[in-house]
S.K.: 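Handing you a structure now.
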Amino acid sequence: MAKAAEMPRFKLNTGQYIPAVGLGTWQAKPGEVGEAVKYAIKVGYRHIDCAKAYGNEKEIGDALQELFKEGIVTRGDLWITSKLWNSDQHPDDVPLALAGSVQDLQCDYLDLYLMHWPVALKKGAQGTAPEDFAPLDTKATWQAMEKCYEKGDKTKAIGISNFSVVKTKALLSYAKVVPAVNQVECHPMWQQKKLHDFLYSQGIHLTAYSPIGSGGSWFTKHVKVLEHPVLQSLAKKYNKTPAQIALRWNIEMGHSVLPKSTNPERIKENLHIFDFKISEEDLKLFDKIEQVRLLCGDDLWVNDTTSPYKTVEELWDGEI
Ligand SMILES: NC(=O)C1=CN([C@@H]2O[C@H](COP(=O)(O)OP(=O)(O)OC[C@H]3O[C@@H](n4cnc5c(N)ncnc54)[C@H](OP(=O)(O)O)[C@@H]3O)[C@@H](O)[C@H]2O)C=CC1
Ligand SMILES: CCCCCC/C=C/C=O
């Protein structure tokens, strides 16, 4: 069993250390997510990735409270991330949404609060139809995030998610607080080399979402990352699973990872990636893997009337 003390961490530009592995909670079902969080923390996870949009923060909060009451961990042992949903991007709504996530998660404060997408929806919007969109003002939203950070009581760090190089550069042109993290899709079949180089040149940490290729949903491409021959053959060579190879590749790149599972065996499996290293020679095999973005966002955030993005290329500034 991995001990929490053994969990490697990456240093952020705030001076804090983010645990290298966090439990993903998107699409973790009601009635399952709380058990998954409790099990994960008991076997050594110290980082939970949450979001208001996932609709399960309250159940995660109940699970955290149980762990605190049982004395399994204290709040200070954990790293909790949540995300500002697109319908809360108006500057007046940002502190309220942050306070709402802290309240649901019952955790006093967040370690990291991310702007979930460079997309604005109307307050209270439930969907992603053209009539749900609001004008995008990333500068105003980021400035409201900065105020929350400066206040310091509800979040210890702020960051972004799903920002391309171009969008990150634009934000840096006015940011007083450099984002600590950009959380983006990243796995052996979508390696984000250009974004990685830019973020690390600016001292921004990359956290990898969908690090084992995602369970998928209607708007996610169903490409089987774990079946790729490079992962299959390295799994045999290192006596690991393809998922562990995929996760370890991200760790070798300097990225924290957020594998989602509600299955106890897989939760444990996804943590056991620190007793081996992929050799320099074997890392070169990843250079030849064909690249496919799984979560393109075109079904969600692209429309030719109200969205600022008329094409998927505009959403990702050509990084597609
Ligand atoms: N900022 C953003 O916009 C986004 C953030 N995220 C975050 O990243 C997390 C992870 O991404 P996600 O898209 O969920 O996908 P993952 O890459 O984590 O894949 C999750 C899927 O893989 C299965 N799985 C888990 N472990 C293994 C294993 N060892 N072997 C085989 N299959 C496995 C899971 O099923 P099972 O549960 O049955 O094990 C699930 O179906 C999210 O949960 C969320 O927290 C994700 C997408 C977007
Ligand atoms: C209402 C949920 C929409 C999810 C949009 C895509 C984000 C995925 C994970 O963060």
Side-chain angles (χ1 to χ4, degrees), residues 10-13 18 20-22 24 26 47 49 51 81 83 112 114-119 159-172 178-216 219-226 228 230-231 234 242-260 270 273 278 280 282-298 300-302 309 312-320:
F10 293 106
K11 191 172 185 182
L12 303 182
N13 61 16
I18 189 168
V21 180
W26 178 39
H47 172 179
D49 183 69
T81 298
K83 311 186 192 90
L112 178 64
L114 305 175
M115 220 179 127
H116 205 147
W117 285 88
V119 170
I160 52 183
S161 176
N162 294 301
F163 274 54
S164 65
V165 171
V166 168
K167 288 182 178 56
T168 308
K169 265 188 196 162
L171 182 134
L172 290 176
V178 174
V181 167
N182 188 2
Q183 187 187 116
V184 292
E185 178 179 337
C186 189
H187 46 75
M189 293 191 71
W190 191 248
Q191 298 181 13
Q192 299 273 21
K193 284 186 189 298
K194 186 175 155 209
L195 184 65
H196 166 101
D197 289 348
F198 176 69
L199 294 178
Y200 283 70
S201 76
Q202 303 297 313
I204 303 171
H205 177 77
L206 189 157
T207 294
Y209 78 57
S210 305
I212 47 183
S214 199
F219 53 78
T220 312
K221 275 191 203 131
H222 291 260
V223 171
K224 301 226 176 291
V225 173
L226 300 184
H228 195 282
V230 167
L231 297 189
L234 290 179
Q244 289 170 323
I245 298 292
L247 293 168
R248 184 71 211 191
W249 171 84
N250 250 314
I251 299 293
E252 308 285 5
M253 297 299 111
H255 309 155
S256 48
V257 289
L258 305 172
K260 175 266 172 186
N270 295 340
I273 56 172
I278 303 174
E280 286 295 325
D282 286 335
L283 281 176
K284 290 193 191 119
L285 298 172
F286 290 79
D287 293 344
K288 297 207 168 70
I289 296 179
E290 61 281 15
Q291 296 296 292
V292 191
R293 189 190 279 278
L294 303 181
L295 210 175
C296 299
D298 46 348
L300 299 167
W301 312 130
V302 173
Y309 314 117
V312 71
E313 284 73 22
E314 285 177 14
L315 174 62
W316 299 109
D317 302 297
E319 294 164 25
I320 184 86

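The shown structure was predicted, so the numbers you read here are calculated from the model rather than taken from an experiment.
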S.K.: Evaluate the side-chain proximity of W249 to V257: yes if any heavy-atom separation is below 4.5 Å, no if none is.
M.R.: no
S.K.: If you define the side chain from C-beta out and look only at heavy atoms, does anything of V165 sit under 4.5 Å from K169?
M.R.: yes
S.K.: Rounded to the nearest 0.5 Å, how far apart are CE of M189 and CD1 of I212?
M.R.: 14.5 Å
S.K.: Side-chain donor-acceptor pair under 3.5 Å between Q202 and N13, yes or no?
M.R.: no
S.K.: Salt bridge or not for K193 and D287, using N-O below 4.0 Å?
M.R.: yes
S.K.: Does any part of the side chain of V178, heavy atoms only, come nearer than 4.5 Å to the side chain of I204, both counted from C-beta?
M.R.: yes
S.K.: Any donor-acceptor pair under 3.5 Å linking the side-chain atoms of D49 with those of Y209?
M.R.: no
S.K.: For the side-chain contact (heavy atoms from CB on, under 4.5 Å) test, which of L199, T207, L206 pairs with V181?
M.R.: T207
S.K.: Measuring only between side-chain heavy atoms, which start at C-beta, is H255 closer than 4.5 Å to F10?
M.R.: no
S.K.: Testing N270, V21, I251, L247 one by one against P211 for a side-chain contact (heavy atoms from CB on, under 4.5 Å), which residue passes?
M.R.: L247
S.K.: Thinking salt bridges, do E252 and R248 make one under a 4.0 Å N-O criterion?
M.R.: yes
S.K.: Kindly give the heavy-atom pair with the smallest separation between R293 and W190, and that separation in Å.
M.R.: N-CE3, 3.3 Å
S.K.: Would you indicate whether the side-chain heavy atoms of F163 and V184 approach each other to under 4.5 Å?
M.R.: no
S.K.: Would you call C186 and Q191 a side-chain contact if the rule is heavy atoms closer than 4.5 Å?
M.R.: no
S.K.: Roughly how far, to the nearest 0.5 Å, is the OG atom of S210 from the NZ atom of K260?
M.R.: 11.0 Å
